[in-house]
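Below, each value reflects all heavy atoms present in this structure, side chains not excepted, and no hydrogens, waters or symmetry copies. Throughout, a chain's letter reflects where its sequence line sits, starting with A, and its residues are numbered from 1. What you see is a predicted model, and the numbers here were worked out from it, not measured in a lab.
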Amino acid sequence: MSFAVKLMNWYREKGRDLPWRTTHDAYIIWLSEIILQQTRVEQGMPYFHRFVEAFPIVTKFAQADEEDILRLWQGLGYYSRARNMHKAAKMVMSDFQGTFPNTYGEAIRLPGVGEYTAAAIASFSANEPRAVVDGNVYRVLARYFGINEPINSIQGKRIFAEIAHDMLDKRNPGIYNQAIMDFGALQCKPKNPLCEDCIFRVECVAFQKGLVDMLPVKLKGKVSRNRYFHYFIVKEDDKILMSKRGQGDVWTNLYEFPMIETAEDISLSDLMAHADFVHYFDENTVLEVVGKQIKQVLSHQNIYARFFIIRDSRALKKKKKDWNYYFCEKIDKLAKHKLIFSFLEKNVHLISANTSVK
DNA sequence: AACGCGGGGGC
DNA sequence: GCCCCAGCGTT
C-alpha cells in the first residue's frame with residue numbers, strides 16, 4: 001500500500017473533526033488558514049468562530065474597519081496577518097469581483113497568502129493538486145525519509161517541496177493534505193511521537209535508525225534582545241491617555257499607554273531625567289508605581305515593562321506640537337497588545353467605573 | 001539568505 | 001529555558 005493510501009486510511013479513522021473541514025468555501029478556508037499560521041488549532045479555534053460570525057462573507061470583511069478587525073484579532077499575535085487579511089478582502093472585491101479565488105495561482109496574489117496557504121485554499125476548496133508544506137509536513141517527511149537537510153535552509157525548502165509534491169495523492173489532494181498535517185500533529189509529534197503505535201514503523205527511516213528525536217533539523221535563529229518599556233497611565237476625568245503604535249516595530253497599529261523605551265533597566269530618577277520624560281511631563285511630576293515589572297516574551301525579544309500612574313494630569317505639558325497622544329474615553333474599543341490588555345485586566349480598579357475593560 | 005513578527009503550550 | 005505551532009513579507 002502506498003504512503004498516501006496508508007496515510008488517508010489513518011486519517012479516516014483518527015483524524016480530527018475541525019469546523020473548517022466541513023466546507024469548500026474558499027473564503028472560510030482562507031479565514032481558518034490565516035488564523036492557523038504559526039498558531040495551534042486550540043488557540044485559533046475561538047478566533048475562527050469569532051471571525052466567521054462577524055464576517056460570514058468576504059464582502060463584510062472588506063467593508064469592516066481595520067480597527068474592528070484588529071480588535072477581534074487582539075491576543076492572537078502576528079498582527080500583520082489581520083492587516084493583510086483586510087487588504088486581501090478588499091482585493092477580492094476589486095480584482096476578483098467579490099468571489100474568493102480558489103486556485104493556487106490567484107490565491108497566492110493576495111497579501112498574507114504564501115505557498116502554504118495558497119496550496120491549502122486550492123486543495124481544500126477545489127481539489128487542486130498542490131501539496132501543503134507546513135511544520136507538520138516537514139517533520140513527517142524528514143523522519144519518514146531520514147532527511148537531515150535543515151528545513152529552514154533554501155536548499156531544504158526546495159527539497160521538501162519536491163518530495164511533498166511527489167508524495168501527494170493527485171486524485172485526493174484535499175484529503176491527503178489534511179491527512180498528513182493531522183498525522184504530524186497527532187501521531188508524528190515534535191516531542192514524544194507515538195512511534196510504537198505508528199503505521200509507518202517499518203518504512204520510517206528515522207525510526208529504524210533511531211533518529212526520530214534528531215529530525216527534522218532546523219537552523220537556529222538569533223538570540224532575543226532585551227527592551228525596557230516604561231508605561232505612563234495618565235487620566236483626565238474618565239479618559240485615559242493612549243497612543244497608536246506605528247510601523248517598523250512590534251504591534252503595528254495597536255494601542256497602548258504613552259511610553260518611554262530604554263535599552264537598559266533604569267532607576268526612577270533616571271527615568272524622570274530622561275529627555276522624553278522632561279519633554280512631556282513637568283519636572284515635579286509624582287510617579288506612582290503600579291505592580292511589579294512584567295516580562296513579556298516574544299519570539300525574538302524580551303520586553304520588560306513597568307507601569308506608573310500619574311494622578312495629576314496637570315503634570316502633562318499639553319502644548320507640544322508633536323502631540324501624538326490623545327485622551328480616550330472607551331479604551332475597550334481599542335485594539336491593544338497583550339502587555340496592555342493583561343495589565344488592564346489585572347488593574348480594573350485603576351479605571352473608572354464607566355470605562356469597561358475587555 | 002536572513003530577519004522580524006506574538007502569544008501560548010509541552011516538556 | 002528551549003522548542004514548536006496549518007508562515008509570510010521585507011530586505
Side-chain angles (χ1 to χ4, degrees), chain A residues 15-16 18-21 29-48 70 73-85 87-88 107-121 123-124 130-140 142 150-158 160-161 164 174 177-186 188-193 213-225 227 245 247-254 295-303 335-342:
Chain A
R16 288 174 290 191
L18 300 173
W20 44 87
R21 285 179 172 169
I29 292 167
W30 165 76
L31 214 50
S32 71
E33 291 302 335
I34 302 295
I35 287 172
L36 293 174
Q37 285 170 7
Q38 293 293 287
T39 304
R40 292 168 189 280
V41 166
E42 311 82 68
Q43 188 187 358
M45 188 80 75
Y47 288 86
F48 172 75
L70 280 173
W73 197 269
Q74 177 174 292
L76 195 55
Y78 284 160
Y79 297 89
S80 65
R81 291 183 289 173
R83 299 192 305 273
N84 281 333
M85 280 179 105
K87 291 180 195 162
I108 203 164
R109 290 171 47 195
L110 301 172
V113 175
E115 290 178 15
Y116 163 78
T117 306
I121 293 171
S123 65
F124 299 157
R130 297 279 184 171
V132 295
V133 187
D134 74 331
N136 293 304
V137 176
Y138 280 122
R139 187 169 54 257
V140 172
I151 62 173
N152 53 345
S153 68
I154 298 296
Q155 176 89 333
K157 287 178 190 170
R158 188 175 53 73
F160 281 95
N177 279 335
Q178 302 277 16
I180 194 168
M181 289 195 289
D182 253 16
F183 187 79
L186 303 176
C188 196
K189 300 182 293 177
K191 302 285 183 189
N192 303 325
D213 292 337
M214 319 289 291
L215 297 173
V217 174
K218 191 174 183 181
L219 270 26
K220 295 197 192 309
K222 279 186 24 173
V223 296
S224 298
R225 64 183 170 124
R227 305 174 72 177
R245 291 182 66 88
Q247 296 178 25
D249 199 352
V250 292
W251 302 318
T252 297
N253 291 1
L254 268 61
K295 182 182 182 185
Q296 170 75 14
V297 179
L298 309 187
S299 51
H300 45 284
Q301 49 189 280
N302 303 312
I303 293 171
K336 302 165 287 288
H337 56 81
K338 182 177 182 206
L339 218 36
I340 301 301
F341 71 68
S342 63

| task | Please tell me if the side chains of A/Ile34 and A/Trp73 come closer than 4.5 Å, counting only heavy atoms from C-beta onward. | result |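 A/Ile34 reaches A/Trp73 side chain to side chain.
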Within the 4.0 Å heavy-atom criterion, would you say [X] contacts the bases, only the backbone, or no part of the nucleic acid?
{"X": "A/Lys87", "result": "nothing"}
{"X": "A/Ile303", "result": "nothing"}
{"X": "A/Trp20", "result": "base"}
{"X": "A/Val137", "result": "nothing"}

| If pairing requires Watson-Crick or G-U wobble contacts with both distances under 3.5 Å, which nucleotide is the partner of C/dG9? |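 Partner of C/dG9: B/dC3.
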| query | So does A/Gln296 have more than 12 non-hydrogen atoms from other groups sitting under 6.0 Å from CD? | reply |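 Yes, the 6.0 Å shell around CD holds more than 12 heavy atoms from other groups.
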| message | Could you report the tightest heavy-atom contact between A/Asn136 and A/Asp134, atom names first, then the distance? | response |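 Between these two residues, the closest heavy atoms are ND2-OD2, 3.0 Å.
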| task | Evaluate the ring planes of A/Trp251 and A/His337, with Trp represented by its six-membered ring, and classify them as parallel (under 30°), tilted (30 to 60°) or perpendicular (over 60°). | result |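 Geometry flag for A/His337 against A/Trp251: parallel rings.
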| query | Run the side-chain hydrogen bond (donor to acceptor under 3.5 Å, both in side chains) check on A/Gln37 and A/Tyr116 step by step: do they pass? | reply | CA-CA 9 Å; A/Gln37 285 170 7; A/Tyr116 163 78; over 6 Å; no
| How do A/Gln178 and A/Gly112 order along DNA chain C: which one's closest nucleotide is nearer the 5' end? |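 Its nearest nucleotide lies further toward 5', so the answer is A/Gln178.
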| request: Kindly say whether A/Leu186 contributes a backbone atom to a donor-acceptor pair with the side chain of A/Arg16 at under 3.5 angstrom? | output: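 A pair under 3.5 Å: no.
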| query | How would you give the extent of chain A contacts on DNA chain C, as first and last nucleotide 5' to 3' within a 4.0 Å heavy-atom cut-off? | reply |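 First and last nucleotides in contact are C/dC3 to C/dG9.
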[atom1]-[atom2] distance between [X] and [Y], expressed to the nearest 0.5 angstrom:
{"X": "A/Lys338", "Y": "A/Leu298", "atom1": "NZ", "atom2": "CG", "result": "10.0 Å"}
{"X": "A/Tyr47", "Y": "A/Ile35", "atom1": "OH", "atom2": "CD1", "result": "9.5 Å"}
{"X": "A/Ser80", "Y": "A/Gln247", "atom1": "OG", "atom2": "CD", "result": "11.0 Å"}

| C1' spacing across the pair B/dG6 / C/dC5, given as an integer number of angstrom |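 12 Å, rounded to whole Å.
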| query | B/dC11 and C/dA6: how far apart are their P atoms, nearest whole angstrom? | reply |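 After rounding to an integer number of Å, I get 14 Å for this pair.
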| Rounded to whole angstroms, how far apart are CD1 on A/Ile154 and C1' on B/dA2? |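 It works out to 9 Å between those atoms.
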| field | Annotated protein contacts, base or backbone, on nucleotides 4-11 of chain B with a non-hydrogen cut-off under 4.0 Å, one of B, S, - each | value | SBBBBB-S
